[in-house]
Amino acid sequence: MWLSPEETQALWLSAKVALCATLVCLPPAIALAWWLERRRFRGRFLVDALVQLPMVLPPVVPGYLLLLLLGTQGPLGHWLEAQFGIVIAFTWKGAVLASAVMAFPLMVQPIRLAFRLIDARLEHAAATLGARPWRVFSTITLPLAAPGLIAGCVLCFSRSLGEFGATMAFVGNIPGETRTLPLAIYSLTHVPGGEAGAMRLALLSIALAVAALLVSHLISARAERRLGFSDHRSAHAEL
């Protein structure tokens, strides 16, 4: 399956956008998942609902809101351009932001579940031995949550690879700048003779998604074995 230069360009741009979106999402996803899972506060349901909102909205709506806010005529976008010369709309950086917004909820949920499954007594034991909260979090909580972190990263990466609506609304379909795999497939279906290229990219997208899921499964299974989760599951099954 040979790709044309334009199709190869769309593939590499998609990979770059998805990787950057995953890296952008990871720190706030860890912090928010821990906060929502370990803290009880007024308005917690509202915060949780806002996190999940991009999953239930039409994707073009977050993209349009990003354009209103960060477009060259938007309040934040105009300020960034005037003060720092930074333009986000209609650039690949805007595609990263759109993908991150849409994929963020998919990263938060498995990380939050991983934190929920951790035995809090282990953290308390480390704290009673004199470990500071940050050391407990970095040496106990995060390693135990590794399978959830991996699952969240893979889901975020895969969702970013397939992001279409928000990207189209916020950064457009510019060849070499914002035309990722989904946008390239869309473009090829609207030009004469583009069906073959669209099929190649569609099959490639499926292969990438399957590969990402397999890698996630293998890495998660390895992490669970190292943490002893599989032994615990076997013991519970025997009981």
Side-chain angles (χ1 to χ4, degrees), residues 6-7 9-29 31-33 36 43 45-109 112 152-153 155-191 194 198 201-202 205 208-209:
E6 293 78 11
E7 294 165 2
Q9 189 177 51
L11 171 62
W12 286 113
L13 179 61
S14 293
K16 180 172 73 170
V17 167
L19 179 60
C20 291
T22 303
L23 294 176
V24 167
C25 286
L26 186 57
L32 185 60
L36 288 173
F45 171 78
L46 180 60
V47 174
D48 197 10
L50 289 175
V51 172
Q52 302 303 320
L53 194 59
M55 295 183 64
V56 296
L57 284 174
V60 70
V61 173
Y64 178 63
L65 294 177
L66 286 173
L67 183 62
L68 292 179
L69 180 64
L70 291 166
T72 54
Q73 302 303 315
L76 185 54
H78 179 73
W79 179 78
L80 287 173
E81 184 179 12
Q83 296 296 322
F84 306 103
I86 298 175
V87 177
I88 298 179
F90 304 106
T91 67
W92 74 271
K93 296 184 289 293
V96 170
L97 182 58
S99 297
V101 168
M102 298 306 298
F104 186 71
L106 291 176
M107 179 177 278
V108 170
Q109 285 306 310
R112 185 176 175 184
C153 288
L155 286 174
C156 182
F157 184 86
S158 301
R159 179 65 179 84
S160 298
L161 278 178
E163 169 50 38
F164 178 83
T167 303
M168 176 71 88
F170 183 38
V171 299
N173 186 9
I174 305 171
E177 182 66 31
T178 65
R179 181 172 289 178
T180 55
L181 274 178
L183 295 176
I185 294 172
Y186 173 81
S187 300
L188 287 170
T189 59
H190 287 76
V191 298
L201 292 183
S205 298
L208 289 174

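FYI, the numbering just counts along the sequence from 1. Computed from a predicted model, the values in this text were never measured in an experiment.
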Check: What do the steps show when you test Asp48 against Gln52 for side chain to side chain contact (heavy atoms under 4.5 Å, CB included), and what is the final call?
Finding: CA-CA 6 Å; Asp48 197 10; Gln52 302 303 320; 4.0 Å; yes
Notebook entry, point to check: Would Phe90 and Thr178 satisfy side chain to side chain contact (heavy atoms under 4.5 Å, CB included), going step by step from the backbone distance to the final call?
Noted result: CA-CA 7 Å; Phe90 304 106; Thr178 65; 5.5 Å; no
Next item on the list: Starting at CG of Leu97, measure out to SG of Cys25 and round the result to the nearest 0.5 Å.
Entry: 9.0 Å
Notebook entry, point to check: Can you name the closest pair of heavy atoms from Met107 and Cys156 and give their distance?
Noted result: CE-CB, 3.5 Å
Check: Do Leu188 and Glu7 touch side chain to side chain, with heavy atoms closer than 4.5 Å?
Finding: yes
Next item on the list: Could you tell me whether the side chain of Met102 reaches within less than 4.5 Å of the side chain of Pro59, counting heavy atoms only?
Entry: yes
Check: How about Trp92 and Thr180: do any of their side-chain heavy atoms sit closer than 4.5 Å?
Finding: no
Notebook entry, point to check: So, for Asn173 and Leu183, which heavy atoms are closest and what is the spacing to 0.1 Å?
Noted result: OD1-CB, 3.6 Å
Checklist line | Other residues, nucleotides, ligands: >12 heavy atoms within 6.0 Å of Gln83 CD | finding: yes
Check: Between CD1 of Ile86 and NZ of Lys93, what distance do you get to the nearest 0.5 Å?
Finding: 8.0 Å
Notebook entry, point to check: Which pair of heavy atoms, one from Val24 and one from Ala100, lies closest together, and at what distance?
Noted result: CG1-CB, 4.4 Å
Check: Quick one: salt bridge (Lys or Arg N to Asp or Glu O under 4.0 Å) pairs with a partner in residues 161-179, sequence neighbours left out?
Finding: Arg159-Glu163
Checklist line | Separation between OG of Ser205 and CG of Leu161, rounded to the nearest 0.5 Å | finding: 7.5 Å
Notebook entry, point to check: Which heavy-atom pair separates Val171 from Ile174 by the least distance, and what is that distance?
Noted result: O-CD1, 3.8 Å
Check: Who are the side-chain contact (heavy atoms from CB on, under 4.5 Å) partners of Leu155, not counting sequence neighbours?
Finding: Leu106, Pro110
Notebook entry, point to check: Of the non-hydrogen atoms in Cys153 and Leu26, which two are nearest, and what is the gap between them?
Noted result: SG-CD1, 3.8 Å
Note to self: Measuring from atom CG of Leu201 to atom CD1 of Ile185, what distance do you get when rounded to the nearest 0.5 angstrom?
What the structure shows: 5.0 Å
Check: Could you go step by step and tell me if Arg112 and Leu36 meet the side chain to side chain contact (heavy atoms under 4.5 Å, CB included) rule?
Finding: CA-CA 8 Å; Arg112 185 176 175 184; Leu36 288 173; 4.0 Å; yes
Margin query: Working to the nearest 0.5 angstrom, can you tell me the gap between Thr72 OG1 and His78 NE2?
Written below: 9.0 Å
Notebook entry, point to check: Does the pair Ile88 and Glu81 meet the rule for a side chain to side chain contact (heavy atoms under 4.5 Å, CB included), with working shown?
Noted result: CA-CA 9 Å; Ile88 298 179; Glu81 184 179 12; over 6 Å; no
Next item on the list: Grab the two heavy atoms, one from Ala89 and one from Val87, that are nearest each other, plus how far apart they are.
Entry: O-CG1, 3.7 Å
Check: In Å and rounded to the nearest 0.5 Å, what is the OG to CZ distance from Ser99 to Phe104?
Finding: 14.5 Å
Checklist line | Beyond-backbone contact of Phe170 with Tyr64, side-chain heavy atoms, under 4.5 angstrom | finding: no
